[in-house]
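Data block below; observations after.
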Amino acid sequence: MCGIVGIVAKQAVNQDLYDALTLLQHRGQDAAGIATWDGKQLYRRKGNGLVRDVIRQKDIINLPGHIGIGHVRYPTAGSSSGAEAQPFYVNSPYGISLAHNGNLTNAEELRVALWKGDFRHLNTSSDSEVILNIFADDLGHLHHLNLQPQHVFQAIESLHQRCRGAYAVIAMINNYGIVGFRDPFGIRPLVIGKRETSLGTEYMLASESVALDVLGFELFDDVQPGEAVYITQDGTLHRAQCAKNPAYHPCIFEHVYLARPDSIIDKILVYKMRLKLGEYLANKIKKEWSHLNIDVVMPVPDTSRVAAHSLARELGLKYREGLVKNHYVGRTFIMPGQTMRKKSVRQKLNAIPLEFRDKNVLLVDDSIVRGTTSKEIIQLARAAGAKQVYFVSAAPPVIYPNVYGIDMPTAQELVAHGRSVEEVRQAIGADELLYQNLEDLVAAAQEGNHAISRFEDSVFTGDYVTGDIDDAYLDKLAKHRNDFLKAKKNESCIATMVDLDE
């Protein structure tokens with residue numbers, strides 16, 4: 001889960017790129033970076049931390065140019081150092097900078113091929129560097145000094161044949177322009193916007209439409225699965241389908257949890273979709289929990305607010321904000337280590353006793369992943385005086401690991417894996433527990449775009465759309481993540497003994 005952005009404008013793009021990354025900050029708080037081109041020179045600033053901490057006013061001034069790309073990243077297995085902050089850069093051919101959201105499922109074999117067959121050295125463990133070098137290698141084999149759109153599309157066609165997994169990519173080619181493309185399944189989102197100015201038409205690519213809206217860009221379209229969009233530095237837009245057999249299977253977890261409610265991705269208004277989730281949950285509660293006496297409905301902020309509000313309306317119940325969120329603590333299910341996640345839950349949420357005391361409370365969350373947050377919140381509600389705590393999830397049980405760029409790789413860490421709903425209820429300490437039906441989740445999303453016949457829903461079903469995931473792959477991924485967590489633990493121990501100065 002990362003956020004990417006690219007702009008080709010008629011004026012300086014540094015401030016717009018910075019503003020866009022702050023709007024996509026919810027997609028990653030671990031690292032940030034910007035690269036720009038002024039027609040003569042490449043400028044870059046990147047590092048670990050929030051956008052505002054990595055890129056300051058003096059840095060913005062030192063990022064001139066009318067084209068540029070940016071990236072925000074959250075920590076995934078194998079990406080913890082500042083060296084892995086994006087955009088990545090390779091100087092041959094042309095000079096290419098690249099920002100990537102997703103995960104390659106055949107990254108390891110591509111690393112071997114790049115070294116043995118293409119003699120390319122990779123400096124990090126990030127699969128984003130892999131995809132950059134694949135693109136650079138395919139582009140370099142064309143041997144064209146006067147790079148044309150068809151050459152760019154030809155290189156991406158070759159890339160699709162080599163790369164497997166999920167990838168939404170924005171790359172900047174020095175002296176030529178910016179290209180954006182999605183994998184043949186369209187798993188990760190990428191939207192196109194345009195802005196008319198007195199100097200001419202400007203274009204923007206981003207992970208979510210919210211970044212376009214605030215900067216005055218009109219949502220033009222989605223980059224289609226397997227498609228590439230190439231915008232030359234003079235502002236001309238070119239599009240081409242570069243995959244042989246594209247299929248429209250975007251990640252449904254984007255709509256449940258990752259995206260902002262004011263975004264439109266794959267023509268689906270996230271806000272409206274979450275309203276429908278609340279309505280479906282309300283109908284299920286009427287059928288299965290008619291015997292319960294519910295006093296008040298409360299969301300677990302922030303992503304469940306919309307669903308909780310429509311659920312309360314459908315049931316004719318009071319809606320209250322009994323939990324207050326500290327927005328300066330990151331998302332807990334992606335934090336390394338159970339102890340840190342539990343501590344962060346308490347730092348992140350605080351209860352208003354007035355709304356809990358002597359009440360039967362229905363808590364609504366977007367999903368239940370490890371169960372750590374849910375358990376702590378239920379304990380928080382009881383400590384605030386709740387008589388009964390009922391818990392509902394706007395998503396079905398998360399049973400299987402995600403391999404396409406969301407860091408929940410081991411099944412053993414998922415509270416619903418191998419457990420019945422009753423066993424999960426006991427594990428998190430709720431008086432009652434209810435999950436969304438998968439068919440209702442899909443129906444809510446498809447209402448926004450009937451062209452999508454199937455979503456990437458492997459965390460609920462274990463059916464991976466790329467068709468290349470088996471138990472051996474998942475076992476290897478789990479071991480890799482355990483090694484990563486050990487390394488992170490060692491880093492934390494060292495950090496407590498060393499004063500790290502900028």
Side-chain angles (χ1 to χ4, degrees), residues 1 74-78 103 105 165-166 187 251-258 277 281 284 300 303-304 331-342 344-345 363-379 391-430 432-442 455-486 488:
M1 182 179 74
Y74 87 111
T76 57
N103 185 61
T105 56
I187 297 172
C251 174
I252 202 165
F253 209 65
E254 287 275 355
H255 301 278
V256 171
Y257 178 78
L258 303 180
L277 291 182
L281 277 174
K284 190 171 182 180
V300 176
T303 44
S304 62
R331 285 172 157 169
T332 53
F333 90 78
I334 61 175
M335 288 184 175
Q338 192 78 345
T339 301
M340 185 180 295
R341 282 191 292 274
K342 290 179 69 174
S344 292
V345 170
L363 292 175
V364 182
D365 207 350
D366 51 67
S367 59
I368 303 172
V369 182
R370 289 181 173 92
T372 307
T373 300
S374 305
K375 184 176 181 179
E376 291 293 315
I377 289 170
I378 291 167
Q379 292 175 357
F391 207 90
V392 299
S393 168
V398 177
I399 303 175
Y400 302 95
N402 183 280
V403 301
Y404 299 126
I406 305 173
D407 193 25
M408 50 171 93
T410 61
Q412 289 71 25
E413 292 180 289
L414 305 173
V415 68
H417 183 80
R419 289 188 175 99
S420 66
V421 174
E422 172 59 20
E423 288 171 332
V424 175
R425 183 198 67 77
Q426 294 177 15
I428 66 176
E432 297 287 352
L433 173 63
L434 191 77
Y435 281 102
Q436 183 80 260
N437 294 332
L438 179 59
E439 57 268 28
D440 290 340
L441 172 62
V442 172
F455 287 88
E456 199 298 298
D457 58 4
S458 57
V459 296
F460 310 121
T461 65
D463 186 6
Y464 297 93
V465 296
T466 53
D468 59 342
I469 306 302
D470 54 19
D471 290 340
Y473 181 92
L474 295 175
D475 290 343
K476 185 177 181 180
L477 190 64
K479 181 180 183 301
H480 179 64
R481 183 171 189 273
N482 287 334
D483 291 342
F484 169 66
L485 290 181
K486 290 175 185 176
K488 289 292 286 183

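For the numbers below, each heavy atom of this structure counts, side chains included, while hydrogens, waters and symmetry mates do not.
Nearest approach of Ser304 to Val364, heavy atoms of both residues: OG-O, 2.9 Å. Residue Gly405 comes nearest to Asn103 through the heavy atom pair N-CB, 3.5 Å, listed as atom of the first residue, atom of the second, then distance. Closest approach of Ala395 and Tyr435 over heavy atoms only: O-CD2, 3.4 Å. Residues Arg419 and Leu414 share a closest heavy-atom pair of NH1-O, 4.2 Å.
Donor-acceptor pairing under 3.5 Å is recorded for the side chains of Thr466 and Tyr404.
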Problem - Test log, rule side chain to side chain contact (heavy atoms under 4.5 Å, CB included), inputs Ile399 and His417 - result: CA-CA 4 Å; Ile399 303 175; His417 183 80; 3.7 Å; yes
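Atom CD1 of Ile469 is separated from atom CG of Leu477 by 8.5 Å, given to the nearest 0.5 angstrom. One finds the CG atom of Leu258 at 12.0 Å from the CD1 atom of Ile252 (value rounded to the nearest 0.5 Å). In this structure, CZ on Phe455 lies 11.5 Å from CD on Glu254, to the nearest 0.5 angstrom. Here the CG-OG1 distance, from Leu438 to Thr461, works out to 7.0 Å after rounding to the nearest 0.5 Å.
Other residues, nucleotides and ligands contribute over 12 non-hydrogen atoms within 6.0 Å of the CG atom of Asp470.
Contact annotation: the side chain of Val398 never approaches that of Ile368 to less than 4.5 Å [non-hydrogen atoms, C-beta and beyond].
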